[in-house]
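As structure tokens, the structure follows; a few thoughts come after it.
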Protein chains: 2
Amino acid sequence: MNIGEAARASGVSAKMIRYYEQSGLIPKAGRTTAGYRDYSATDVHMLRFVRRSRDLGFTMAEIEDLLQLWRDRSRQSADVKRIALARIADLRRRIQEMEDMAATLEHLASCCSGDNRPDCPILADLEQGELAKPRRSRGAIDRSP
Amino acid sequence: MNIGEAARASGVSAKMIRYYEQSGLIPKAGRTTAGYRDYSATDVHMLRFVRRSRDLGFTMAEIEDLLQLWRDRSRQSADVKRIALARIADLRRRIQEMEDMAATLEHLASCCSGDNRPDCPILADLEQGELAKPRRSRGAIDRSP
DNA sequence: GTGGGGCTTCCAGTCGTTGGAAGGTCAAGG
DNA sequence: CCTTGACCTTCCAACGACTGGAAGCCCCAC
């Protein structure tokens, strides 16, 4: 099975498969005599594992750990659960930050007449609103299309 | 006022001020004879505007629009409100995606005994769980420290 | 044997920031 | 006056997780 077929079967693009291989997340695939990468059903299974993990928001580093645990028959479910709980806590924190932003914006928008006059409480807030203090994580957002 | 003072007064780092200037978000600052950037109180005001906007999750492109509206005395508040509402909708969408991830993970974690046995429903799901279909935005997350 | 699609590698760009190196400037103290 | 140290300047690179493209080889159907 070449990389294109593996990509279609796993839902991971060929580009990403090569990238994951190059960055060491997944082992190097075998090659045909022509130099094409060759994938087995097990490899596709692993790729689907990676894909699903990304869909659930795990980082590359976390997926690396999860893959090791997946392959390790003597693993402890506590190890996996720990990673999942950390991910949940992170999600909850980010959700809260975004909720705070949304609430502030909704309040401002509800105070804005939204007509053809220039007076705007949104701009007034941006002009003078208090700044978030700690600034360790600004709650910056993935703005991919 | 040099860039360091402007940074402290606005809450935007000197690095970011230079970056914003270079990328055209803010106008080029005047220079002293020695070549140092020179900032007025108005400039600091503008930098605080940018900082606050970033804190509220606006994109650079949106901030550019907001800055123009801020400077435009004949603006219409509807224009500002439109940008804010778009931002809110985007936030709500992202929050929902992350809520879905968190709910799935919480369900999986609650089914996981988390002990020293290898049986783990989290790994079982990653192995076989259904993939998110549309995949236009994967809900990838900013994982800045 | 030829066309078109798939495969290979490598390089660059995305976004918002942060870090560092190399060198010029300023103000205070000796 | 000279040194020290804090500040400024520019430029270059990296982060994460991809995505796109160019140049060139390979495979299969016609």
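A, B, ... follow the sequence lines: proteins, then strands. Residue 1 opens every chain. Because the structure is predicted, anything quoted here is derived from the model rather than measured.
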Is there any protein nitrogen or oxygen under 3.5 Å from a nitrogen or oxygen in nucleotides 2-10 of chain C, and what are the pairs?
residue, atom, partner, partner atom, Å
C/dG6, N2, A/Tyr36, OH, 2.9
C/dC7, OP1, A/Asn2, OD1, 2.6
C/dC7, OP1, A/Asn2, ND2, 3.1
C/dC7, OP1, A/Gly4, N, 2.8
C/dT8, OP1, A/Arg37, N, 2.7
C/dT8, OP1, A/Arg37, NH1, 3.1
C/dT8, OP2, A/Arg18, NE, 3.1
C/dT8, OP2, A/Arg18, NH2, 2.9
C/dT8, O3', A/Arg31, NH1, 3.4
C/dT9, OP1, A/Arg31, NH2, 3.0
C/dT9, OP2, A/Arg37, NH1, 3.0
C/dT9, OP2, A/Arg37, NH2, 2.9

Could I get the full list of side chain to side chain contact (heavy atoms under 4.5 Å, CB included) partners for [X], not counting sequence neighbours?
X	value
B/Thr104	A/Arg52, A/Leu56, B/Leu108
B/Gln76	A/Asn116, B/Asp79
B/Asp65	B/Ile83
A/Asp72	A/Ser74, A/Arg75

Next on the checklist: If you assign each of A/Met16 and A/Thr32 to its closest nucleotide in DNA chain D, which residue comes earlier from the 5' end?
Outcome noted: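 Result of the comparison: A/Met16.
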
Tell me the interatomic distance from [X], atom [atom1], to [N], atom [atom2], rounded to whole angstroms.
X	N	atom1	atom2	result
A/Met60	D/dC15	CE	P	12 Å
B/Glu64	C/dG16	CD	C1'	14 Å
B/Phe58	C/dC15	CZ	P	19 Å

Item to check | B/Asp115/B/Arg117 ion pair, N-O < 4.0 Å | outcome: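 Salt bridge flag = yes for B/Arg117 with B/Asp115.
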
Item to check | Contact list for DNA chain D against residues 21-29 of chain A - heavy-atom distance below 4.0 Å | outcome: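 Heavy-atom contacts with DNA chain D come from no residue of residues 21-29 of chain A; none.
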
Item to check | A/Glu106: side-chain hydrogen bond (donor to acceptor under 3.5 Å, both in side chains) partners, not counting sequence neighbours | outcome: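 Applying side-chain hydrogen bond (donor to acceptor under 3.5 Å, both in side chains) to A/Glu106 gives B/Arg92.
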
Next on the checklist: For residues 61-85 of chain B, which residue pairs pass the ring pair (Phe, Tyr, Trp, His ring centres under 6.0 Å) check, not counting sequence neighbours?
Outcome noted: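 Listed by first then second residue: B/His45-B/Trp70, B/Phe49-B/Trp70.
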
Next on the checklist: Under the ring pair (Phe, Tyr, Trp, His ring centres under 6.0 Å) definition, can you give me all pairs with a residue in residues 77-119 of chain B, not counting sequence neighbours?
Outcome noted: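 Matches after skipping sequence neighbours: none remain.
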
Checklist entry - What's the shortest heavy-atom distance between B/Ala14 and B/Ala7, and which atoms? => result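 What the structure gives for the nearest pair is N-CB, 3.7 Å.
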
Next on the checklist: Less than 4.0 angstrom between a side-chain N/O of A/Tyr19 and OP1 or OP2 of D/dG16, yes or no?
Outcome noted: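 No, because none of the side-chain N or O atoms of A/Tyr19 sits under 4.0 Å from OP1 or OP2 of D/dG16.
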
Item to check | Short side-chain N/O contact from B/Ser13 to OP1 or OP2 of C/dT18, under 4.0 Å | outcome: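 So the side-chain polar atoms of B/Ser13 do come within 4.0 Å of the phosphate oxygens OP1 or OP2 of C/dT18, strictly under.
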
Item to check | Summary of salt bridge (charged side-chain N to carboxylate O under 4.0 Å, His left out) pairs that have at least one residue in residues 36-47 of chain A, sequence neighbours excluded | outcome: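 Passing the test, one end in residues 36-47 of chain A: A/Glu21-A/Arg37.
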
Checklist entry - Can you list every pair that meets salt bridge (charged side-chain N to carboxylate O under 4.0 Å, His left out) and has a residue in residues 4-15 of chain B, with sequence neighbours left out? => result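 Listed once each, the pairs would be none.
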
Next on the checklist: What's the angle between the local helix axes at either end of the helix from C/dG1-D/dC30 to C/dG30-D/dC1, using five pairs per end and rounding to 10 degrees?
Outcome noted: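 End-to-end axis angle: 30°.
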
